[in-house]
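Have a look at the structure below, then the notes.
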Amino acid sequence: MNAKDVLCQGYLRPDGSKGIRNKVLVLFTVECSMHLCQKIEQHFQKLGQDVETIGNPSCLDNQVAIRRLLSYSVHPNVGAVLAIGLGCEYVRPDKIAAFAKEHGRVSDWFYIQEQGGTEKGFQRGIKIVQTMLDTLAATPKEPMYLHELVIGAECGGSDFTSGLAGNALVGSLLDGLVDAGATCVFEELSEAVGLKNQIMKRAATQQAAKELADTYNKTVDFCNAFRQYSISPGNMVGGLTTIEEKSMGAFAKSGQRPIQGVLKIAQHPPHKGLWALDVLPDERLTPCFYQVGDATHMTELIAAGSHLVLLVTGRGHVVGNPISPVLKITGNTETFNKLKDDIDFDASPLLSGKATMPQLTKKLYQTITEICQGEKTHAERLGHREGFILFNYQHPNQVVKTCQWNS
Amino acid sequence: MVSTQTAYVVTPEDNVATALGDISTGKIQLTGTYSEDKNGVSALQKISFGHKIALCAIGKGEPIIKYGCIIGLSTTAISKGEHVHLHNMKSCYDQRAETFDIQTTSSTDMEYKLY
């Protein structure tokens with residue numbers, strides 16, 4: 001792995017970013033416009049076109065919700081955005097379209113109420129998206145180097161192999177990527193309970209140490225307030241005994257390199273290197289956080305700018321994402337054989353001793369290069385695009401030390 | 001996963017290893033990164049695929065170490081070669097740690113009845 005490795009011919013956006021996909025995003029600003037957006041998405045997907053939808057589920061707004069939508073509208077894998085609102089919600093589709101345009105994306109917007117309803121909105125929508133697709137067909141392509149890549153790491157459906165093989169492999173890959181100047185983001189500080197010392201040792205700077213300590217404390221507060229720890233009876237049947245044990249397995253995917261700091265929801269990494277992402281809300285907005293699964297957490301990694309996400313599983317996983325490819329890895333050979341159509345990469349040779357860590361890391365890097373070059377992941381091939389956006393709240397400017405869960 | 005009696009050790013400081021297949025009583029082979037003094041463990045009982053085995057004697061209240069990290073404390077004295085799980089260790093953080101049923105792993109602190 002080298003900073004100057006050419007991963008692929010990236011889609012060059014006018015703001016200088018490069019994407020590994022070239023998508024039109026149909027974005028809903030409120031639940032009420034979701035159906036129309038999905039209708040437009042499905043119309044084009046049936047024609048084999050790269051049109052996707054995602055959006056805000058609430059009639060309300062807050063700074064997190066708006067930043068997330070803005071981040072999607074200028075994601076490097078997205079070339080054009082159509083924002084559709086109903087007409088009476090807080091979030092403004094015109095402002096999202098204007099932001100996307102400022103960042104060099106083709107953009108448009110309308111309100112369904114002004115358009116005259118679902119049918120007329122649909123006709124207008126497909127006309128706009130067709131024009132966008134025609135424009136995007138001429139997107140220039142340029143070599144995309146390894147140091148330009150942003151990659152996300154997530155795990156879900158864990159078993160004992162996750163920590164020993166799948167996450168350990170992702171950790172090894174991330175070490176190589178960080179050394180080559182790429183940007184890596186990992187999530188799941190909620191699965192770091194019991195690891196304060198291990199996390200703090202990895203802080204790159206004093207500021208990073210402060211952010212990591214504050215986020216860790218906030219997370220432990222949250223777990224104690226709800227008496228919910230991220231270890232389930234199924235994990236225990238599989239041999240994991242404590243949250244600390246599961247946490248170490250999950251944290252293994254961050255590798256060994258220094259952590260540059262904590263990203264808040266929809267914050268892009270300020271510079272290259274390894275970053276932790278805090279997805280936990282700062283204040284009580286129950287029951288938002290526990291309405292989540294791995295797919296929703298991956299939407300947050302993608303709001304941080306990830307071109308693609310690695311998802312490690314033990315028991316098996318199937319999900320994907322509308323904006324970025326999701327590459328699934330397991331260290332459990334039985335799971336890999338059983339879910340062969342869904343899981344992209346087999347890390348089990350690490351445990352059987354049939355391959356070494358450097359060999360498998362190299363193979364995984366090769367697979368990632370192929371995905372960047374346009375090879376579809378199983379999730380993309382099967383049409384998986386799960387994950388909804390949560391109506392969470394975080395402080396607009398800083399990583400906070402405690403949450404309001406106890407008050 | 002692995003047909004022989006094999007258990008995986010993550011770091012040399014670890015006092016438990018993870019079974020890579022269903023282990024029956026008798027000698028086991030270690031893989032991963034382990035210190036030689038931990039080698040030569042015999043399983044005292046059956047240990048299921050993915051479960052932990054003690055690599056040395058562990059006194060009551062002592063740390064259980066995996067990944068070079070304390071993953072909990074023993075709740076009773078543990079012999080070398082014994083199965084290590086909910087029946088003889090617990091989390092230092094999880095407030096529900098001792099509510100899990102040892103046989104079924106279900107939490108026992110929720111009532112399944114109406115008001």
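Order of the sequence lines sets the chain letters (A, B, ...), proteins ahead of strands, with each chain counted from 1. Treat the numbers as computed from the prediction; the structure is a model and nothing was measured.
- Of all heavy-atom pairs between Glu244(A) and Ser91(B), the closest is OE1-OG, 2.6 Å.
- Counting heavy atoms from C-beta outward, Gln95(B) and Tyr229(A) have side chains that approach closer than 4.5 Å.
- A distance of 8.5 Å separates CD of Gln198(A) from CD1 of Ile70(B), quoted to the nearest 0.5 Å.
- There is no contact between Ile64(B) and chain A, counting heavy-atom distances below 4.5 Å.
- Residues satisfying the salt bridge (Lys or Arg N to Asp or Glu O under 4.0 Å) criterion with Glu98(B), sequence neighbours excluded, are Lys90(B).
- For the residue pair Thr241(A) and Val84(B), the shortest heavy atom distance occurs at OG1-O, 4.1 Å.
- The OG1 atom of Thr31(B) sits 7.5 Å away from the CG atom of Leu351(A) when rounded to the nearest 0.5 Å.
- At a heavy-atom cut-off of under 4.5 Å, chain A is reached by Asp109(B) from residues 108-115 of chain B, listed in order of number.
- The two residues Thr242(A) and Met89(B) have their closest heavy-atom pair at CG2-CE, 3.6 Å.
- Residue Ser48(B): no heavy atom, backbone or side chain, is found under 4.5 Å from chain A.
- Within 6.0 Å of CG on Leu339(A) lie more than 12 heavy atoms contributed by other residues, nucleotides or ligands.
- Dense packing is recorded around NZ of Lys27(B), with more than 12 heavy atoms of other residues, nucleotides or ligands lying under 6.0 Å away.
- Legend: salt bridge (Lys or Arg N to Asp or Glu O under 4.0 Å) pairs involving residues 53-75 of chain B, not counting sequence neighbours, sorted by first then second residue: Glu245(A)-Lys66(B).
- Taking a 6.0 Å sphere around NZ of Lys363(A), one finds it holds 12 or fewer heavy atoms contributed by other residues, nucleotides or ligands.
- Here the closest heavy-atom approach between residue Thr104(B) and residue Val237(A) is recorded as O-CG2, 4.4 Å.
- Heavy atoms closer than 4.5 Å to chain A are found in both the backbone and the side chain of Tyr67(B).
- Met236(A) CE to Leu86(B) CG: the interatomic distance, rounded to the nearest 0.5 Å, is 5.5 Å.
- At most 12 heavy atoms of other shown residues, nucleotides or ligands fall within 6.0 angstrom of atom CZ in Arg315(A).
- With sequence neighbours excluded, no residue forms a side chain to side chain donor-acceptor pair (under 3.5 Å) with Thr330(A).
- Here the side chains of Tyr93(B) and Leu195(A) are not in contact, with every heavy-atom distance at 4.5 Å or above.
- For Tyr8(B), the part lying under 4.5 angstrom from a heavy atom of chain A is the side chain only.
- Of the listed residues (Leu240(A), Val193(A), Leu350(A)), the one with the most heavy-atom contacts under 4.5 Å to chain B is Leu240(A).
- Atom-to-atom distance recorded for Asp94(B):CG and Ile231(A):CD1 is 7.5 Å, nearest 0.5 angstrom.
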